[in-house]
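Here is the structure we will look at.
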2 protein chains.
Amino acid sequence: MLERIHLAIVLEVEKRGSLTAAAEVLCVTQSALSHSMKKLEQHLGTDIWLREGRSLRLTQAGQYLLAVANRVLPQLSLAEQHLRQFAQGERGTLRIGMECHPCYQWLLKVVSPYLAAWPDVDVDVKQKFQFGGIGALFGYEIDVLVTPDPLFKPGLQFEPVFDYEQVLVVARGHPLARAPYITPDQMAQETLITYPVAPDRLDIYTRFLQPAGIAPRRHKTIETTDIMLQMVASQRGVAALPRWLVLEYAGKVDVVPVRLGLEGVAKQIFLGVREADLGTDYLQAFIEQARQRVAPAVTP
Amino acid sequence: MLERIHLAIVLEVEKRGSLTAAAEVLCVTQSALSHSMKKLEQHLGTDIWLREGRSLRLTQAGQYLLAVANRVLPQLSLAEQHLRQFAQGERGTLRIGMECHPCYQWLLKVVSPYLAAWPDVDVDVKQKFQFGGIGALFGYEIDVLVTPDPLFKPGLQFEPVFDYEQVLVVARGHPLARAPYITPDQMAQETLITYPVAPDRLDIYTRFLQPAGIAPRRHKTIETTDIMLQMVASQRGVAALPRWLVLEYAGKVDVVPVRLGLEGVAKQIFLGVREADLGTDYLQAFIEQARQRVAPAVTP
DNA sequence: CATATCAATGAACTAAATTCATAAAATGCT
DNA sequence: AGCATTTTATGAATTTAGTTCATTGATATG
């Protein structure tokens, strides 16, 4: 079989001019090279070199083999280099899962400096998971989960990366727009617009309406934040979003945030990872990057 | 070191789904594969597979390695296939040396069917040699020498491929055009046009003029056959060429052949090769092709 | 013409790969 | 649930392959 060593020998002999010199570079004896190549020649049924006195001259087959060596050997050493980068966590694909719709805006701000700092790492963002975000993490579908619901299970590690307040968003002209805060019963007359997820995963239900036994007049779902806010601005309904996100849109869309209840609804976003991956440099670096961006930038 | 076998294992495990199945295909035991890959993993410092129960799932590094395998392995097997073709003389470059200017026309007729029959063989034609045609053959500059002057030396083999008559070419309106043959003394008044080679390699000198102690009035040299015949047609001189070549040009240029002396000058063209190369299929095939074209085609 | 250098070669040796035997874990089947 | 089967991992034994050593023959070099 044609092996890597044969290509290396042909290349090195051509570079150094003799078997003896090549042997030195390859850290074996001249005899070893002679035996190796003789075996290859027997296997192929053709000589690689013409033996002219005490020097070697490539045959046509040898010249071809040299061309192959020049082409293939760099591919192998590059592959090894890349694999070593994988080993040291300097290269890979970071697959991020999102279980928190509005966090996308925040994620973009984390990802862009991260990509600059880790040129050999690709980032992939996924939003749909067959068995939920935790399942995707366990099943190696994703490497990081961005979620407001940490689930402390063995093998996983969750870490809070930022706190924010979930608020009600209403149009500037809305009757509730000037209230310091709203009470659950005030929602009974409103149309609520949310992302299309189960109500038990929406804080406005679990932490505001359900405890008071109130339901909104109507409930519509919309996928994208932009359209959702357009709808709110045009008085088609109200929505619940992070305060920082509302403030970011303040200049573009005519909406205002209102506190949910006297105390407000406080939230945390967590980054979940597999404990086994904690040694991976580029993953650690991502968590670090996310932590630094603890206060989401707000355009006043 | 990353070896061919490692790539083969990764590829085959992915194709068959298990180490055990791959081992069977690769004709070794499952244990051997397990040991091999463990060693590679230790060398690289990263796992190739995630061991999940009794099945293997590629890690990111593993997926990369698979991609490398898919790219590199075909290159290696193609290289082996080509080398085996070199070995069996089914592939190579046939470097032809020419020591006989007018033979070029003949060569083209041999080469074109040859190339069609041997698609994996390249043909290269050379006309200048530092140490003469024989030297080029010995020095592996060329593989075949087309020459009218065989030199029977040990290690070389010459074979006649065709006979022809060297004739004088004169314009149709030339005084000698109607003679059945010319004598050396008739040349004393003529301008002789030849290829630019030493006179002792021109038959008209060595076998016609010199024996009679005659020299032509003038001697001009021209590189190409076409121009040479144009010159002859326009009465600027006479030339010596193979009869078949003159007949080929008969339709296009107004020249006629005249025998040199009563007996004419008979010539043979030989193909010279190194004896060591006689086993090479594509070389043998070339000689065979040349032999079949023993009578140069003549357009009447 | 002596000396040094280089490739080839056979035998001895060494290291590496492979097998064998077996364990541990997990899947599938009754 | 329990048993048979399948799969990977592992340590020791074995075999194979590769390497070195010692030497020869050929050929440049001074």
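Sequence lines set the chain letters: A, B, ... in the order given, protein chains first and strands last, and positions in each chain run from 1.
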- Selection from dA22(D), dT19(C), dT19(D) that lies nearest to any side-chain heavy atom of Ser31(A): dA22(D)
- With axes from five pairs an end, tell me the bend angle of the helix from dC1(C)-dG30(D) to dT30(C)-dA1(D), nearest 10°. 30°
- Message: Tell me whether the side-chain N/O atoms of Lys39(A) come closer than 4.0 Å to OP1 or OP2 in dG18(D).
- Response: yes
- Does some side-chain heavy atom of Met1(A) sit less than 4.5 Å from a side-chain heavy atom of His6(A)? no
- From dT10(D), dT20(D), dA8(C), pick the nucleotide closest to the side chain of His35(A)? dT20(D)
- Message: From CE of Met37(A) over to P of dT19(D), roughly how many Å is that when rounded to an integer?
- Response: 13 Å
- Query: Considering residues, nucleotides and ligands other than Glu52(A), do more than 12 of their heavy atoms fall under 6.0 Å from its CD?
  - Reply: yes
- Task: Mark yes or no for whether Arg274(A), through its side chain, and Leu137(A), through its backbone, hold a donor-acceptor pair below 3.5 Å.
- Result: yes
- Query: Is the phosphate of dT18(C), meaning OP1 or OP2, less than 4.0 Å from a side-chain N or O of Ser36(B)?
  - Reply: yes
- Task: Using atom CD1 of Ile5(A) as one end and atom C1' of dA16(C) as the other, report the distance to the nearest whole Å.
- Result: 14 Å
- Query: For atom CD of Glu24(A), is the number of surrounding heavy atoms from other residues, nucleotides or ligands below 6.0 Å larger than 12?
  - Reply: no
- Task: Would you kindly compare Gln30(A) and Glu52(A) by the position of their nearest DNA chain D nucleotide and give the one closer to the 5′ end?
- Result: Gln30(A)
- If you check every side-chain atom of Val28(B), which of dT18(C), dT8(D), dA22(D) has the closest atom? dT18(C)
- Message: I want to confirm an ordering. Mapping Ser55(A) and Arg54(B) to their closest nucleotides on DNA chain C, which one lands closer to the 5' end?
- Response: Ser55(A)
- In whole angstrom, give the distance that lies between atom CG of Leu26(A) and atom C1' of dT20(D). 16 Å
- What is the distance from CG of Leu56(B) to C1' of dA25(C), rounded to the nearest Å? 13 Å
- Do other residues, nucleotides or ligands put more than 12 heavy atoms under 6.0 Å from Tyr104(B) OH? no
- Item | Side-chain (Gln60(B)) to main-chain (Gly92(A)) donor-acceptor, under 3.5 angstrom | no
- Query: Any N or O donor-acceptor pair linking the side chain of Thr29(A) to the base of dC21(D) at under 3.5 Å?
  - Reply: no
- Where the side chain of Thr20(B) is concerned, which of dA16(C), dT7(D), dC6(C) is the nearest nucleotide? dT7(D)
- Near-strand residues of residues 12-19 of chain B, defined as heavy-atom separation under 4.0 angstrom from DNA chain D: Ser18(B), Leu19(B)
- Item | Any Ser34(A) side-chain nitrogen or oxygen under 4.0 Å from OP1 or OP2 of dA7(C) | no
- Lys38(A) side chain N/O closer than 4.0 Å to the phosphate oxygens (OP1, OP2) of dA8(C)? no
- Quick one: list whatever passes side-chain contact (heavy atoms from CB on, under 4.5 Å) with His82(B), sequence neighbours left out. Tyr64(A), Leu78(B), Gln85(B), Arg91(B)
- Message: Tell me the interatomic distance from Ile9(B), atom CD1, to dA17(C), atom P, rounded to whole angstroms.
- Response: 11 Å
- Item | Interatomic distance, Trp49(B) CH2 vs dA9(D) C1' [rounded to whole Å] | 13 Å
- Test item: Arg201(A) side-chain N/O and Asp149(A) main-chain N/O as donor-acceptor pair under 3.5 Å: no
- Whole-Å distance between dA17(C) C1' and Met1(B) CE? 17 Å
- Message: For Val10(A) versus Trp49(A), what's the shortest heavy-atom pair and its separation?
- Response: CA-CZ2, 4.2 Å
- Item | Sidechain N-carboxylate O distance under 4.0 Å for Glu288(B), Arg291(B) | yes
- In whole angstroms, how far is the C1' atom of dT8(D) from the CD atom of Glu24(B)? 16 Å
